[in-house]
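Input: a single structure, listed below in structure tokens.
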Amino acid sequence: MAQAVVHPNIALVKYWGKRDQDLNLPSTGSVSMTVSTFETRTRVMFGVPDDLAVLNGRTARPDEAVRIFEHLDRVVPGRRPAQVVSDNNFPSAAGLASSSSAFAALTVAAADAAGLEFTPRALSALARQGSGSASRSIWGGFVEWQRGSLIDGSDSHGVQIAPASHWDLRLVVAVVDSGRKPIGSRAGMNRTMATSPMYAAWVASYMADVKQARQGILDRDLEAVGDAMERSTLKMFSTMLTSVPPVRYWKPASLALQDAVYRLRDQGVPVWWTMDAGPNVKALTTPEHADTVRAAFEGGCEAVHVLGVGGPPRLEP
Ligand code: DP6
């Protein structure tokens, strides 16, 4: 038995689309920040009579169970039946890729429960096959998921750019709508790949954003990182909007929150926004300006969370 606690991550340069569905290989590289405070706690126990998964206190739906136990087969080939109990301490409606911490925690706990030792990169490549963004939650701080070029996907994994101690930042998360999203990220990105005429430009242009974000992180240059993040975000949404039918996640409140970020920036506040596969808006800023950003967001959304930079996965006794 083993129990792992893992933080989700937020993409600064986005992953949107796959070059291989079976191995879950991305069309582009991406860059992320692991966040503090929010975490997934997952316990894996082998040697029970049957596979059973309990997520946030309820039995997993059949589609969820299939994804979980197929992933366990991957991490521990020839495994025995297992019980998986997983809880998030944060609302999945916050739109912080909960699959990132979920599949990273499942990978780390399963490997430890089976007594298998993997390098972090091997763990990341395994987590990637559960959910792409999970490949980046194997480290704290700032992480790049390298696209890789090998056909077996073994070079498509995360690498840490810098640990959490490198740079103290805040992510201010504005929850716009806690309802279910119209289309999940996996289905959304597959539709985009299949139908958007902008998709080729997305793939052709990502590297400049990765380089700028990576260097910006190393230099602690928030403007460089924020600029790369907003550009990557807008390009990702341009591919979604030009899909057939369009993949639309933005709500009027999302645009109002973006406006609030631009207004603050005009006033000299260092803050940049991003969004993912949902209507929520997340803003990257310094610790000194987090309260100003929070105040600007309150009233324009259902809830605001202020997160820091999170550490690496940990195993609990
Ligand atoms: C918009 O990692 O959930 O959050 O690999 O199909 O499980 P799968 O996709 P997932 O997609 C995340 C998309 C995103 C951007 C990002 O996190 O890079």
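Because the structure is predicted, anything quoted here is derived from the model rather than measured. The basis for the numbers below is simple: all heavy atoms, side chains too, and nothing from hydrogens, waters or symmetry mates.
No side-chain donor-acceptor contact under 3.5 Å links Tyr199 to the backbone of Ser243. Checking side-chain atoms of Arg121 against main-chain N and O of Val159 turns up no donor-acceptor pair under 3.5 Å. Put simply, the side chain of Asp168 never gets that close to the backbone of Gly308: no donor and acceptor are under 3.5 Å apart. Distance alone, capped at 3.5 Å, is enough to place a donor-acceptor pair between the Thr119 side chain and the Ala122 backbone. Looking at His7, its side chain never comes within 3.5 Å of a backbone N or O of Ser36 through a donor-acceptor pair. Side chain of Asn24 to main chain of Gly130: no donor-acceptor pair is present (N/O by atom type, distance under 3.5 Å, no hydrogens or angles). Without hydrogens or angle criteria, Gln160 side chain to Gly140 main chain gives a donor-acceptor distance under 3.5 Å. With hydrogens and angles disregarded, no donor-acceptor distance shorter than 3.5 Å links the side chain of Asp51 to the backbone of Pro81. Put simply, the side chain of Arg265 gets close to the backbone of Val271: a donor and an acceptor are under 3.5 Å apart. At least one donor-acceptor pair under 3.5 Å links the side chain of Ser254 to the backbone N or O of Pro279.
Of all heavy-atom pairs between Ser101 and Pro8, the closest is CB-N, 3.5 Å. Between Ile138 and Ser124, the shortest heavy-atom distance links the atoms CG1-CA, 3.7 Å.
Considering only heavy atoms from C-beta on, Gln83 comes within 4.5 Å of Arg43 through its side chain. Between Leu23 and Arg128 the shortest side-chain heavy-atom distance falls below 4.5 Å. Counting heavy atoms from C-beta on, the side chains of Pro245 and Arg191 come closer than 4.5 Å. Counting only heavy atoms from C-beta outward, the side chains of Ile68 and His71 never approach each other to under 4.5 Å. You'll find the side chain of Pro197 reaches within 4.5 Å of the side chain of Thr242, heavy atoms only. Val84 has its side chain within reach of Phe69: a pair of non-hydrogen atoms, C-beta onward, lies under 4.5 Å apart. Residues Ser156 and Arg19 form a side-chain contact, since some pair of their non-hydrogen atoms from C-beta on lies under 4.5 Å apart.
A salt bridge is absent between Lys14 and Asp209; no separation between the charged side-chain nitrogens and carboxylate oxygens falls under 4.0 Å. Salt bridge status for Asp259 with Arg263: absent, with no side-chain N to carboxylate O gap under 4.0 Å.
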Begin with the C-alpha distance, continue with both residues' side-chain angles, and end with the deciding distance and a verdict on side-chain hydrogen bond (donor to acceptor under 3.5 Å, both in side chains) for Thr192 and Thr239. CA-CA 6 Å; Thr192 299; Thr239 70; 4.6 Å; no
Could you walk me through whether Val31 and Phe142 pass the side chain to side chain contact (heavy atoms under 4.5 Å, CB included) check? CA-CA 7 Å; Val31 175; Phe142 303 87; 5.8 Å; no
Starting from the C-alpha separation in whole Å, work towards a yes-or-no answer on side chain to side chain contact (heavy atoms under 4.5 Å, CB included) for Leu169 and Leu284. CA-CA 7 Å; Leu169 289 177; Leu284 194 62; 4.2 Å; yes
Working note: Arg67 + Phe103, criterion side chain to side chain contact (heavy atoms under 4.5 Å, CB included); need CA distance, chi angles, decisive distance, verdict. CA-CA 10 Å; Arg67 224 173 133 185; Phe103 279 92; 3.7 Å; yes
Show the numbers, then the answer: is there a side-chain hydrogen bond (donor to acceptor under 3.5 Å, both in side chains) between Trp273 and Tyr262? CA-CA 9 Å; Trp273 67 273; Tyr262 291 127; 2.9 Å; yes
Given His289 and Thr292, is the side-chain hydrogen bond (donor to acceptor under 3.5 Å, both in side chains) satisfied, shown in steps? CA-CA 5 Å; His289 292 93; Thr292 307; over 6 Å; no
Run the side chain to side chain contact (heavy atoms under 4.5 Å, CB included) test on Ile10 and Met33 for me, step by step, so that the C-alpha distance in whole Å, both residues' side-chain angles and the decisive distance to 0.1 Å come before the verdict. CA-CA 5 Å; Ile10 173 85; Met33 180 177 111; 4.1 Å; yes
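The CG atom of Asp87 sits 8.5 Å away from atom CG of Leu55, with the distance rounded to the nearest 0.5 Å. Atoms CZ and CH2, on Arg147 and Trp145 in that order, are 11.0 Å from each other to the nearest 0.5 Å. Interatomic distance, NZ of Lys282 versus CG of Leu12, reported as 11.5 Å (0.5 Å rounding). Here the straight-line distance linking atom CZ of Arg248 with atom CG of Leu241 works out to 7.5 Å at 0.5 Å rounding. With rounding to the nearest 0.5 Å, the separation of OG1 in Thr28 from CE in Met207 is 10.0 Å. Rounded to the nearest 0.5 angstrom, Asn88 CG and Asn56 CG are separated by 5.0 Å.
Counting non-hydrogen atoms of neighbouring residues, nucleotides and ligands closer than 6.0 angstrom, the CD atom of Glu117 reaches no more than 12 such neighbours. Within a 6.0 Å radius of CD in Glu298, other residues, nucleotides and ligands contribute more than 12 heavy atoms. Heavy atoms from other residues, nucleotides or ligands lying under 6.0 Å from NZ of Lys211 number 12 at most.
In summary, of the residues considered (Val306, Val173, Thr285), a side-chain contact (heavy atoms from CB on, under 4.5 Å) with Arg294 occurs for Val306 alone. Test Asn9, Thr107, Thr40, Thr34 against Ser137 for side-chain hydrogen bond (donor to acceptor under 3.5 Å, both in side chains) and you get one pass: Asn9.
Between Phe90 and His305, the distance from one ring center to the other does not fall under 6.0 angstrom.
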